[in-house]
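Working notes, beginning with the structure itself.
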Amino acid sequence: MTTAAPTPRGTLDNVPRLRAPNPATFEVRHLRRGTPVILTDLFDHAPVRRLADPRVARSVLADVPLVVTPNTWRDLLLGRERAARRRVPFGAFLDELADGRAGDQHCLEQSTPDELLALLPPPAYLRTGSRRDSWESYLFVAGAGNTVHLHYDHDLRHVLMHQVFGRKRYVIIDPAESHKLAPGSRPQVRRTSALFLEHFSGPDLLAFLRYVNAWDCVLEPGETLLIPATCWHYVEYVTDALSVNFCLPRNEHLRRLAEIFPESSVELLALASRFRDPSSLGPEERAAYAALLAADERDHPDDASRLAALDALTVRLAERLGLPVAGPGYHLADLARRARITRRRLVPA
């Protein structure tokens, strides 16, 4: 395991750190407002804190199987077939990271194994959201220098990311800034950006993050970061690192929107951000939500027609609510997409 901590590219370091508040305060101040925060003590008394030493983590989790793949974000964006997965024990993969054999391979979003989950008592924040929804947990393991491309999660969940060992840089961007991020237009890549922040120089990256009003931090072992629902995020592994997340239950509005839209879009993302706080909804938001539910219940000839109708509806609703993504097009592919939607006239004026 790498012991030297490379110096990360300069960060804005503008995510507040605080002791974990009670669930009601956390929900009102952070979940509903969509503001990131670093909780410094959420798991201070949990057995997982022993794993802050990578050697202990290797010993405890040595035989836990991981599913490892090369970093294939570029292939995904270009529509190429993704590389084959392989299974390797946790301890063996840490050894590969330590001696450089792992290269850019990583383990992302694997369901957290019972051996690790048993060391993390479920936080009280899992009781927020709708009782109709459940929570999920995943682990992430990768080596220093690895990255996770700028994207957003289509499931519309708030995420608590706990840093078990190692250090990771997180960039978080509000959906109001989506029009600055060159989002994809094809359905398979709409939740990704065409901008490769991983290739920006340090000064260029900081200038860009200021331009998009980003939150930016380096997460230390034992800390837990809230990534609010609907936010874009980008990750850099400063050192070899292990993280575990908790995907919180959604409120009923976010849960229904995620179910209705298997293929997301920045228009849906912008709309969904209005429903992070159901108590603040006005007549326009309530009408938009009702229109989305009604559209889902209509009969369509096939799935393609249904998705096209829903896509057109989100564009029209974003325009009605004056959301930033309803302004000038982001790039040529987006202009072409909107032109097709306009010609189809799938939504009544």
Side-chain angles (χ1 to χ4, degrees), residues 1-9 11 48-78 80-117 119-120 137-151 153 159 161-171 192 196-202 205 217-223 225 227 233-245:
M1 177 60 58
T2 301
T3 55
T7 302
R9 297 187 285 176
T11 61
V48 73
R49 292 295 288 122
R50 295 188 295 112
L51 275 56
D53 183 339
R55 295 168 297 183
V56 175
R58 189 194 184 289
S59 173
V60 172
L61 305 174
D63 297 325
V64 170
L66 298 180
V67 178
V68 174
T69 65
N71 190 325
T72 56
W73 279 101
R74 182 175 62 181
D75 292 335
L76 172 65
L77 293 173
L78 294 175
R80 296 173 180 166
E81 190 170 332
R82 307 187 88 170
R85 301 178 177 186
R86 66 185 180 97
R87 294 176 67 86
V88 58
F90 181 89
F93 186 57
L94 292 196
D95 292 341
E96 292 180 16
L97 292 175
D99 60 24
R101 286 180 291 128
D104 69 348
Q105 295 185 82
H106 55 198
C107 175
L108 298 186
E109 284 192 324
Q110 175 175 322
S111 293
T112 305
D114 293 340
E115 296 91 333
L116 181 52
L117 206 54
L119 306 178
L120 283 154
S137 178
Y138 302 94
L139 66 75
F140 303 76
V141 188
N146 222 312
T147 60
V148 179
H149 189 77
L150 181 61
H151 71 288
D153 298 335
V159 173
M161 184 69 72
H162 180 68
Q163 196 64 26
V164 179
F165 68 71
R167 305 168 71 221
K168 291 166 68 176
R169 178 184 187 171
Y170 288 86
V171 168
T192 62
F196 282 77
L197 302 189
E198 47 267 50
H199 301 321
F200 283 29
S201 70
L205 178 59
C217 65
V218 173
L219 199 63
E220 304 288 343
E223 295 183 329
L225 171 68
I227 304 174
H233 43 286
Y234 161 75
V235 184
E236 292 180 356
Y237 283 74
V238 180
T239 67
D240 299 348
L242 165 65
S243 306
V244 176
N245 76 11

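Sequence positions, counted from 1, serve as the residue numbers for this chain.
The CG atom of Asp104 sits 12.5 Å away from the OH atom of Tyr237 when rounded to the nearest 0.5 Å. Put simply, CZ on Arg85 and OG1 on Thr69 are 6.5 Å apart, with the number rounded to the nearest 0.5 Å. Here NE2 of His162 is found 9.0 Å from CG of Leu51. Values are rounded to the nearest 0.5 Å. Atom-to-atom distance recorded for Leu116:CG and Gln110:CD is 10.5 Å, nearest 0.5 angstrom. Distance check, rounded to the nearest 0.5 Å: CZ of Phe196 to NE2 of His149 gives 4.5 Å. The line from NZ of Lys168 to CG of Asp240 is 12.0 Å long, rounded to the nearest 0.5 Å.
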- Let me see the working for Glu236 and Tyr170 under side-chain contact (heavy atoms from CB on, under 4.5 Å), right down to the final yes or no. CA-CA 7 Å; Glu236 292 180 356; Tyr170 288 86; over 6 Å; no
- Query: Can Glu223 and Arg49 be said to form a salt bridge (charged side-chain N to carboxylate O under 4.0 Å, His left out), step by step?
  - Reply: CA-CA 10 Å; Glu223 295 183 329; Arg49 292 295 288 122; over 6 Å; no
- Is there a side-chain contact (heavy atoms from CB on, under 4.5 Å) between Val60 and Leu119 once you walk through the steps? CA-CA 10 Å; Val60 172; Leu119 306 178; 4.3 Å; yes
- Task: Apply the test side-chain contact (heavy atoms from CB on, under 4.5 Å) to residues Asn71 and Gln105: give CA-CA distance (whole Å), side-chain angles for both, the deciding distance (0.1 Å), then the verdict.
- Result: CA-CA 6 Å; Asn71 190 325; Gln105 295 185 82; over 6 Å; no
Which donor-acceptor pairs under 3.5 Å do the side chains of residues 61-68 make with protein atoms, sequence neighbours left out?
none

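Glu115 meets the side-chain hydrogen bond (donor to acceptor under 3.5 Å, both in side chains) test with no other residue; sequence neighbours excluded. By the ring pair (Phe, Tyr, Trp, His ring centres under 6.0 Å) test, His151 is found to be paired with Trp73, His233, residues two or more places apart in sequence or in another chain being considered. Residues satisfying the salt bridge (charged side-chain N to carboxylate O under 4.0 Å, His left out) criterion with Glu109, sequence neighbours excluded, are absent altogether. Checked against salt bridge (charged side-chain N to carboxylate O under 4.0 Å, His left out), Asp53 has the following partners two or more places apart in sequence or in another chain: Arg55. Remark: Thr112 pairs with Ser137 by the side-chain hydrogen bond (donor to acceptor under 3.5 Å, both in side chains) rule, at least two apart or across chains.
Side-chain atoms of Arg86 and Phe93, non-hydrogen and from C-beta on, do get closer than 4.5 Å to each other. Side-chain contact between Thr147 and Tyr234: present, with at least one pair of heavy atoms (C-beta onward) separated by less than 4.5 Å.
Look at Glu220 and Arg169 and you find no salt bridge, because none of the NZ, NE, NH1 or NH2 atoms lies under 4.0 Å from a carboxylate O. Salt-bridge formation is not detected for the pair Arg101/Asp95: no Lys NZ or Arg NE/NH1/NH2 atom is positioned less than 4.0 Å from an Asp or Glu carboxylate oxygen.
Considering every non-hydrogen atom in both Cys107 and Leu139, the closest pair reads SG-CD1, 3.7 Å. Considering every non-hydrogen atom in both Phe90 and Ala57, the closest pair reads CE2-O, 3.7 Å. Closest heavy-atom contact between Gly166 and Ala241: CA-CB, 4.0 Å. Contact between Arg167 and Thr239 at its shortest, heavy atoms only, is N-OG1, 2.9 Å.
Under 3.5 Å, the side chains of Ser243 and Gln163 contain a donor-acceptor pair of N or O atoms.
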